[in-house]
Visitor: 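Right, I'll just put the structure down here and ask away after.
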2 protein chains.
Amino acid sequence: MPKPSQASELRALPAVDVNSQTARAFIGIRELLLHGAFARGERISELPLVARLGMSRTPIRLALERLAHIGLLDAGATSGFTVREFALREVLDAIELRGVLEGTAARLAAERLSGEAGLDALRRYCDDMEALDGLTIHTFARYMDLNGSFHLRILDMAGSEMLRRALQQVNSLPFASPSAMVFPTSILPRSGETLAIALEHHRALVEAIARRQSTRAESVGREHAYLARRVLEVALSNTDALRRVPGGSLIDLSRR
Amino acid sequence: MPKPSQASELRALPAVDVNSQTARAFIGIRELLLHGAFARGERISELPLVARLGMSRTPIRLALERLAHIGLLDAGATSGFTVREFALREVLDAIELRGVLEGTAARLAAERLSGEAGLDALRRYCDDMEALDGLTIHTFARYMDLNGSFHLRILDMAGSEMLRRALQQVNSLPFASPSAMVFPTSILPRSGETLAIALEHHRALVEAIARRQSTRAESVGREHAYLARRVLEVALSNTDALRRVPGGSLIDLSRR
DNA sequence: TCACCGCGAGTTGCATGCAAGGTGCGGCGG
DNA sequence: CCGCCGCACCTTGCATGCAACTCGCGGTGA
C-alpha cells in the first residue's frame, strides 16, 4: 500500500508517532525551528517550551535530545542546547553526501538485482512523474511524493539497513532532503528544464539498474543529487524560493 | 596534541563525558551489551538496570534512547527496547558503507587539499605504523590508535561535518569500526600480511591525496575497508578471534 | 572608580510518584 | 478437560520536586 500523500507546507519530513507527548514535542519544536522561531545559535531552554507546548519538561527534554541527534540542535559541551546554524558550505556538503549515498543505493540495487518487481515499480513511478507534465503549483506536491517513493524504492532494492539509516540521517536535515529543492515554475522559472533533467536521471537510473550497470547507476545517482545543488545555487538569489525551503532560516549565508 | 591512547579491552569506542549519571549509564549498558550480557533480541527493561547500575530510571532511560539511536538497541514500535541483533549480512553492509564513506573522505581530502600540514601528519602516522613492524600482542593496541588517528586526520582534511557524522554513526557499530578487525598475529596467524597490505593502502592514500588524484583516493579508501571484510571472513572460523570482536555476540551467524 | 566577592535567579540533572496500558496467569464456566 | 474472561502485576510515559551548578548583578572595600 503506498504511503498517503503528505503535501503540507512542511512536507518531506518523516512522520512520527503522534500519540505520545514526546513525539508531539519533537514535531512541535522541529516546526518552530524550521519556521525560524529561534535565531541561529540561540540557546533553547526547557521552561519556555513547557509553557509554549503545554507539557512537562520530561518529554521536551527527550525531544530536544532527539533533535540534537538528528543535527538540528547543538548539544552544548556542559549542558543545554543551542539552535544549530549551518554554513552554506555545510548544506552543499550535505547534498554531496546525499549524492554519494544515493549513488551507493543505486549501485547496490544494480548489483543485487533479483526479479522484476522492483524495476516495474520504478518504471511506474517514472511514468507517473512524466505524466504530471510540468511543475505547477498544483502538481509539485504530487511530484515530490512520487520522487520520494522512487528513491525509497531504490533504497529498498539496495537492501542495506545501514545505508538506509545513513540516508535517513542526511535527509533529516530538511534542506538537504530530496524534495527540499523542488519548486513550482511560478517560483523558480526554469523548474521545467530542471524537471526534465531529473526525469532523465530517473530513467537512466532504472535502465542502469535493470542492466546491472552498477558503476553507471552509481554515477547517475550522484549526479542526480548535484541537481539539488544547482537548484539551491539559483534559489539563493531568489528570496521567495529561499523562504520556502524548510529550515532556510538556519542557513548562515554570510559564512562560507 | 595527539589523543591519549585508549588501549583498553573495549577500545575504539568514542569517549564520553563520565561526569553525568546518563553518561555512566550509557557506558555501562553499552559495555553489558558488547560483552554479551544480554541475549540477541532480548527485551531490556529499566528496573533491572536500576538495581544493576545504582541510579534512577531517568538517566537509564536517556541512555537506552541513545543506544537505540546509535543502533545497538531496537526501539520497539509500541514501547520498550530490545537488544538489536545483526545478521552477518548487515555487518558486511556496514563495512561496505564505511568503505564508501572513507573513500568519500579521501576523495574530498584530495579535492580540497591545501597546505602540507595535513599530509605531513599523515606521513608521520604512516612512519609510526611501519615502525611497529608487526602486530604482536604488545603493539597492536598502539597500531589501532595510530590507524584511528590516521583516518581521523583524513576526515579532518575532507572538511565535511556531515560526512563526519555519517562515519561516526557507522563506526558506532563496534564490529564495523576501523579497529575492530585488527588482531595480533598470535590470534590470527596471517595478520602480518594483512598489516602489510593495510600499510600499503595508507601510503597509496597519502600519495593520491598529495597528488590530488581524487578518484584514486576514493578507490583506495573503499578497498581499504574491504580488508576488514576479508579479515572478518577469516575470523568467522576462528572462535578465539570472534570472541575478541566487541559486540560479536550480537551477530547472528545463522542468519545471512 | 575599579575590582572582587557573594548572593540570587534561572536552569538543568536526577529521583520519585502516579497513572495508564499491556501481558500473562489463574479461575471459572461451558 | 478445554477455552475464555478478568484481574493483578509489571512496565513504561509523564509530571513534579529537589538539589546542584552557573552566570550575572549589585554591593562593598580598597
Side-chain angles (χ1 to χ4, degrees), chain A residues 13-33 37-85, chain B residues 13-33 37-85:
Chain A
L13 297 175
V16 191
D17 173 25
V18 173
N19 298 325
S20 78
Q21 296 284 68
T22 304
R24 270 195 294 276
F26 180 80
I27 295 175
I29 301 173
R30 182 178 61 181
E31 203 121 333
L32 288 173
L33 282 170
F38 304 102
R40 292 191 297 270
E42 181 180 346
R43 174 159 193 167
I44 302 289
S45 51
E46 299 166 6
L47 287 179
L49 290 172
V50 167
R52 205 154 179 175
L53 298 176
M55 59 187 69
S56 85
R57 284 175 46 215
T58 307
I60 288 177
R61 235 183 135 51
L62 281 170
L64 290 177
E65 182 100 2
R66 289 190 198 171
L67 288 165
H69 210 115
I70 69 171
L72 282 181
L73 293 179
D74 261 336
T78 57
S79 75
F81 299 94
T82 54
V83 178
R84 173 88 181 270
E85 58 185 333
Chain B
L13 297 175
V16 191
D17 174 25
V18 173
N19 299 324
S20 80
Q21 297 284 67
T22 303
R24 270 195 294 276
F26 179 81
I27 295 175
I29 301 172
R30 182 178 61 181
E31 203 120 334
L32 288 173
L33 282 169
F38 304 103
R40 292 192 296 269
E42 180 180 347
R43 176 162 190 163
I44 302 289
S45 51
E46 300 167 4
L47 288 179
L49 290 173
V50 168
R52 205 154 179 176
L53 298 177
M55 59 187 71
S56 87
R57 283 175 48 218
T58 307
I60 288 177
R61 236 185 134 51
L62 280 170
L64 291 176
E65 182 99 2
R66 290 190 197 171
L67 287 165
H69 211 114
I70 70 171
L72 282 180
L73 293 178
D74 261 335
T78 57
S79 74
F81 299 94
T82 55
V83 178
R84 173 87 182 273
E85 57 184 333

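Chain letters run A, B, ... following the sequence lines, proteins first and then strands; every chain starts at 1. Owing to the predicted nature of the structure, the values given are computational and were not obtained by experimental measurement.
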Visitor: Specify the separation, in whole Å, of atom CG of A:Leu49 and atom P of C:dG10.
Guide: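 It is 17 Å, rounded to the nearest whole Å.
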Visitor: With sequence neighbours excluded, give me every salt bridge (Lys or Arg N to Asp or Glu O under 4.0 Å) pair touching residues 74-84 of chain B.
Guide: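 Listed by first then second residue: B:Arg84-B:Glu90.
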Visitor: Do the side chains of B:Leu49 and B:Leu32 get nearer than 4.5 Å, heavy atoms only?
Guide: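 Yes. Closest side-chain heavy atoms under 4.5 Å.
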Visitor: Scan residues 41-61 of chain B for pairs that pass ring pair (Phe, Tyr, Trp, His ring centres under 6.0 Å), counting only residues two or more places apart or in two chains.
Guide: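 The answer is none; no pair qualifies.
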Visitor: For B:Glu42, which residues count as a salt bridge (Lys or Arg N to Asp or Glu O under 4.0 Å) partner, sequence neighbours excluded?
Guide: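 For B:Glu42, no residue satisfies salt bridge (Lys or Arg N to Asp or Glu O under 4.0 Å) once neighbours in sequence are set aside.
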Visitor: At a heavy-atom distance below 4.0 Å, what parts of residues 37-46 of chain B sit against DNA chain D?
Guide: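 By residue number: B:Arg43, B:Ile44, B:Ser45, B:Glu46.
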Visitor: Any ring pair (Phe, Tyr, Trp, His ring centres under 6.0 Å) involving residues 38-76 of chain B? Give me the pairs, sequence neighbours left out, ordered by first then second residue.
Guide: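 Output for this query lists A:His69-B:His69.
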Visitor: Would you mind reading off the distance between B:Ile60 atom CD1 and C:dC14 atom C1', rounded to a whole angstrom?
Guide: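 Roughly 11 Å, once rounded to whole Å.
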Visitor: Please, which pairs that meet ring pair (Phe, Tyr, Trp, His ring centres under 6.0 Å) have at least one residue in residues 43-62 of chain B, sequence neighbours excluded?
Guide: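 Sorted pair list comes back empty.
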Visitor: Would you kindly compare B:Thr22 and A:Leu47 by the position of their nearest DNA chain C nucleotide and give the one closer to the 5′ end?
Guide: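 On the 5' side of the pair lies A:Leu47.
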Visitor: Could you list the protein-to-nucleotides 16-22 of chain D atom pairs, N/O on both sides, closer than 3.5 Å?
Guide:
from, atom 1, to, atom 2, distance (Å)
D:dT16, O4, A:Thr58, OG1, 3.4

Visitor: Whole angstroms only, please: what is the CD-P distance between B:Gln21 and C:dT12?
Guide: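 Computing the B:Gln21:CD to C:dT12:P distance gives 19 Å.
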Visitor: Can you name the residues that form a side-chain contact (heavy atoms from CB on, under 4.5 Å) with A:Ser56, not counting sequence neighbours?
Guide: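 side-chain contact (heavy atoms from CB on, under 4.5 Å) check on A:Ser56 returns A:Thr58, A:Pro59.
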Visitor: May I have all residue pairs that pass salt bridge (Lys or Arg N to Asp or Glu O under 4.0 Å) and include part of residues 44-53 of chain B, sequence neighbours excluded?
Guide: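 Output for this query lists B:Glu46-B:Arg57, B:Glu46-B:Arg61.
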Visitor: B:Arg61 has a side chain; which of D:dG13, D:dC14, C:dA15 sits nearest to it?
Guide: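 For the B:Arg61 side chain, the nearest candidate turns out to be D:dG13.
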Visitor: Find the distance A:Leu62:CG to C:dC14:C1' and express it as a whole number of Å.
Guide: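 The answer, rounded to whole Å, is 13 Å.
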